[in-house]
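For reference, the structure is listed below as structure tokens.
None of these values were measured; they are calculated from a predicted model.
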Amino acid sequence: MKVALYARVSTEQQIDNYSIPLQRERLEAFCTSKGWTHTQEYIDAGYSGSNLNRPALEQLQKDIESKKINAVIVYRLDRLSRSQRDTLYLIEEIFLPNNVEFISISETIDTSTPFGRAMIGVMSVFAQLERETITERLRSGRLKMVRDQGLWAGGSDASPYGYTRLKRGELIVNEEERKHIVRIFEDYIKLKSYTKVQDQLEKEGFTRIKVKRLVHLLQNRVYIGEVSFAGEWYKGAHEPIISEDEKSAGFLGKIGTFFKAAM
């Protein structure tokens with residue numbers, strides 16, 4: 001009996017009760033109880049269950065088609081997939097045609113029995129429902145965070161240049177980078193050309209900024225105190241780099257017109 005032990009966690013789930021060590025422990029214990037010693041592990045750490053684009057799962061399918069596997073065991077059905085369509089595809093198009101049994105030890109699902117095969121369809125519906133519910137809950141939470149609190153919804157690696165992201169999406173101005181932002185806006189208002197701004201900055205010793213990034217920077221309304229979610233802009237809680245006081249005093253006086261044109 002050649003048995004594949006498949007385990008998966010998404011990024012968010014790496015700290016919860018479905019950790020890789022826990023799944024591996026339960027799967028190995030199940031195999032021991034059955035007297036199955038010829039096992040091969042397939043681990044996808046940090047991959048979503050919403051699709052089949054996972055390296056270990058792809059290798060598992062190849063090994064099944066090469067007749068190297070007799071059974072696939074998972075801790076829970078949603079470890080295999082959170083998509084009903086993908087679950088049924090794997091069971092009906094990959095596992096069963098190659099005489100591979102599928103076992104989920106938490107739900108006591110075993111495709112070697114008629115009842116087990118019938119339960120696959122039912123359980124996969126709930127796995128997909130749970131995924132979609134979690135996704136909607138996270139989206140609603142991010143929207144409230146942006147719209148009601150004016151916080152930045154991007155991750156720490158996505159913080160806009162000129163700011164540092166603190167916990168909970170708070171942005172604080174990076175004073176050194178603020179100077180660069182102000183200078184870039186000043187030069188664009190004066191020169192009215194992305195490439196001319198780029199050339200001017202390079203002459204003065206600034207690291208060369210690609211035109212594409214420069215355009216994105218100049219069109220980013222975060223610098224006038226706004227934050228976005230799903231294409232909509234809301235009043236932010238952070239300090240603008242291009243402030244209302246500076247605008248009213250004539251500093252970058254065309255900035256409002258510029259942003260309207262840029263949008």
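Nearest heavy-atom pair across Ser81 and Gly49 is OG-O, 3.5 Å. The two residues Glu28 and Leu5 have their closest heavy-atom pair at CG-CD1, 4.2 Å. Contact detail for Ser50 and Ser83: the closest heavy-atom pair is O-CB, 4.1 Å. Nearest heavy-atom pair across Leu77 and Thr87 is CD1-CG2, 4.0 Å.
Within the 3.5 Å criterion, the main-chain N or O of Val72 finds no donor-acceptor partner in the side chain of Tyr42. The closest donor-acceptor contact from the side chain of Asn220 to the backbone of Val222 lies under 3.5 Å. Not a single donor-acceptor pair under 3.5 Å links the side chain of Ser66 to the backbone N or O of Lys68. A donor-acceptor pair under 3.5 Å is formed between the side chain of Lys2 and the backbone N or O of Lys67. Using a distance-only test at 3.5 Å, with no hydrogens or angles considered, a donor-acceptor pair links the side chain of Ser106 to the main chain of Tyr75.
For the pair Leu90 and Gln61, the minimum side-chain heavy-atom distance is below 4.5 Å. Leu80 places none of its side-chain heavy atoms less than 4.5 Å from the side chain of Ser104. Two residues are said to be in side-chain contact when any heavy atoms from C-beta on lie closer than 4.5 Å; Gln23 and Ile20 meet this criterion.
Contacts of Glu92 classified as salt bridge (charged side-chain N to carboxylate O under 4.0 Å, His left out), with partners at least two apart in sequence or in another chain: none.
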One pair to check against side-chain contact (heavy atoms from CB on, under 4.5 Å): Val182 and Lys179. What are the steps and the verdict? CA-CA 5 Å; Val182 170; Lys179 299 174 185 177; 6.0 Å; no
Take Glu239 and Arg178 through the test side-chain contact (heavy atoms from CB on, under 4.5 Å) and record every step on the way to the result. CA-CA 11 Å; Glu239 175 190 352; Arg178 180 210 290 264; 3.0 Å; yes
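A side-chain contact (heavy atoms from CB on, under 4.5 Å) with Arg8 holds for exactly one of Leu57, Ile43, Asp44, Val74; it is Asp44.
For the atom pair CZ of Arg54 and OG of Ser48, the computed distance is 7.5 Å after rounding to the nearest 0.5 Å. With rounding to the nearest 0.5 angstrom, the CG atom of Asn98 is 10.5 Å from the CG atom of Asn70. Remark: Glu58 CD to Asp63 CG distance equals 12.0 Å, nearest 0.5 Å. Atom CD in Glu170 sits 12.5 Å away from atom OG1 in Thr164 (nearest 0.5 Å). One distance of note links CD1 of Ile103 with CG of Leu27; it measures 10.5 Å at 0.5 Å rounding. In this structure, Thr39 OG1 and Arg24 CZ are separated by 10.5 Å, a value rounded to the nearest 0.5 Å.
Clustering ILVMFWY residues whenever any of their side-chain heavy atoms sit less than 4.5 angstrom apart, transitively, puts Tyr89 in the very cluster that holds Ile69. One hydrophobic cluster holds both Leu60 and Leu96 under the rule that ILVMFWY side chains link at heavy-atom gaps under 4.5 Å. Residues Leu166 and Val227 do not share a hydrophobic cluster, clusters being chains of Ile/Leu/Val/Met/Phe/Trp/Tyr side chains in contact below 4.5 Å. Residues Ile184 and Leu191 share a hydrophobic cluster, clusters being chains of Ile/Leu/Val/Met/Phe/Trp/Tyr side chains in contact below 4.5 Å.
Using bins of under 30°, 30° to 60° and over 60° for the plane-to-plane angle, the ring pair Tyr161/His180 lands in the parallel bin. Ring planes of Tyr163 and Tyr223: parallel class, angle under 30° (limits at 30 and 60°).
Taking a cutoff of 4.0 Å between a charged side-chain nitrogen and a carboxylate oxygen, Lys62 and Glu65 do not qualify as a salt bridge.
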